[in-house]
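This report refers to the structure that appears directly beneath it.
So you know, we letter chains A, B, ... as the sequences are listed, proteins then strands, and number each from 1. Atom set for the values below is all heavy atoms of this structure, side chains included, hydrogens, waters and symmetry mates excluded.
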There are 2 protein chains.
Amino acid sequence: MNIGDVAKRTGVKAKTIRYYEDIGFLKPKRTENGYREFDEADLHKLVFIGRARHLGFSIESCRALLALYEDKNRTSAEVKQLAQAHLNAIDEKLVLLQEMHSTLSRLISACAGDDRPDCPIMNELKIDLR
Amino acid sequence: MNIGDVAKRTGVKAKTIRYYEDIGFLKPKRTENGYREFDEADLHKLVFIGRARHLGFSIESCRALLALYEDKNRTSAEVKQLAQAHLNAIDEKLVLLQEMHSTLSRLISACAGDDRPDCPIMNELKIDLR
DNA sequence: CCTTGACATTCCAGTAACTGGAAGCCTTAG
DNA sequence: CTAAGGCTTCCAGTTACTGGAATGTCAAGG
């Protein structure tokens, strides 16, 4: 199967698939003309990676997940630990974003948004040094 | 004032201050020996940028905010619009992260986390192609 | 048989916003 | 005088791709 068709079937772009090969996620055979030739296992891997990425796992975490994916002797505890670590990271980001959201919402509500220069948003940003 | 002291007083690292000079946020004078010499206006700018960054504004948005900051004829509407656009972007990220959070939480709860290989997290990632 | 268009290949550069490190000069305290 | 620490510049690396250029290949139509 050629890279374009793989892209269509997996939802992972051709450019990205080449990148994933570069970083060692898969090693498709090559046909005589130099084209990559993908098999079903490659497709499954790509979908797997695509879904993990969709859940926000980093490439390095995907690498670890992929290793577990191919490890018959893995334990669900190992998988769960990776997922939990990732969830913790997500929660930290959520907290930061929620803080931003609430501060910005407050400032935006307080701002008249008219043609005068006076603005609570600017005031918050420019308060003096302590 | 030397860069190290500025870093301490503004909370912006020396490395970052040099970077901000590179990208044109400030242009401190130089003393005879080549050291950067910062004045109070520089300090205020750095704090301003630091706070905007803390609220998640991109460097380019900071550039726009900084322009408004220095514009006597700005309108609060202009500021509000930038802030609103940024808030919208934050909200989009929040939605994505919340989706990830909820999916991952569900999967983690469903995973035994024991020494067996069977794992709902893995199952979700490896489901067949449609 | 030839051309044309849609594929495929590689390689290089750019993105965002710094951060780390090397090599070397300057300053200040002891 | 020396050693520590601060300052300088410049180069490379980070994340996960993405865009683009130059070139090669394949299948179909005239």
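Separating the CZ atom of A:Arg18 from the C1' atom of D:dA16 is a distance of 16 Å, rounded to the nearest angstrom. Rounded to whole Å, the distance from CD1 on A:Ile17 to P on D:dA16 is 18 Å. Computed from coordinates, the A:Glu60 CD to D:dT14 P distance equals 10 Å when rounded to whole Å. Straight-line distance from the CD1 atom of A:Ile59 to the C1' atom of D:dC17: 8 Å, rounded to whole Å. Straight-line distance from the CD atom of A:Glu21 to the P atom of D:dA16: 19 Å, rounded to whole Å. Remark: C1' of D:dT15 and CG of A:Asp22 are 15 Å apart, rounded to the nearest angstrom.
With 3.5 Å as the limit, one finds no donor-acceptor pair spanning the side chains of A:Ser105 and A:Ser102. Side-chain atoms of B:Ser76 and A:Asp114 form a donor-acceptor pair, as typed in the model, at a separation below 3.5 Å.
For DNA chain C, the contact window with chain A, defined by any atom under 4.0 Å from a protein heavy atom, covers C:dC7 to C:dC11 in 5' to 3' order.
Considering B:Lys15, B:Lys13, B:Arg18 as possible partners of B:Ile3, the one that fulfils the side-chain contact (heavy atoms from CB on, under 4.5 Å) test is B:Arg18. For the pairing with B:Glu78, the side-chain contact (heavy atoms from CB on, under 4.5 Å) check across B:Leu65, B:Asn73, B:Leu68 returns one residue only, B:Leu68.
More than 12 heavy-atom neighbours from other residues, nucleotides or ligands sit within 6.0 angstrom of CD on B:Gln84. The environment of CZ in A:Arg106 is crowded: more than 12 heavy-atom neighbours from other residues, nucleotides or ligands sit within 6.0 Å.
Here the side chain of B:Ile3 is nearest to one of D:dT8, D:dC17, D:dC10, namely D:dT8.
In terms of position on DNA chain D, the residue among B:Phe38 and A:Tyr35 whose nearest nucleotide sits closer to the 5' end is B:Phe38. Both A:Asn33 and A:Tyr19 lie close to DNA chain D; mapped to their nearest nucleotides by heavy-atom distance, the more 5′-ward contact belongs to A:Tyr19.
In this structure, B:Arg51 does not pair ionically with A:Glu124, as no charged nitrogen and carboxylate oxygen lie closer than 4.0 Å.
Contact annotation: A:Ser58 does not reach the phosphate of D:dT15 (side-chain N/O to OP1 or OP2, under 4.0 Å). Contact check, B:Arg30 against D:dT9: a side-chain N or O comes under 4.0 Å of OP1 or OP2.
Heavy atoms of B:Arg36 sit under 4.0 angstrom from primed sugar atoms or phosphate atoms, though from no base atom. Looking at heavy-atom distances under 4.0 Å, A:Phe57 makes no contact with the nucleic acid at all.
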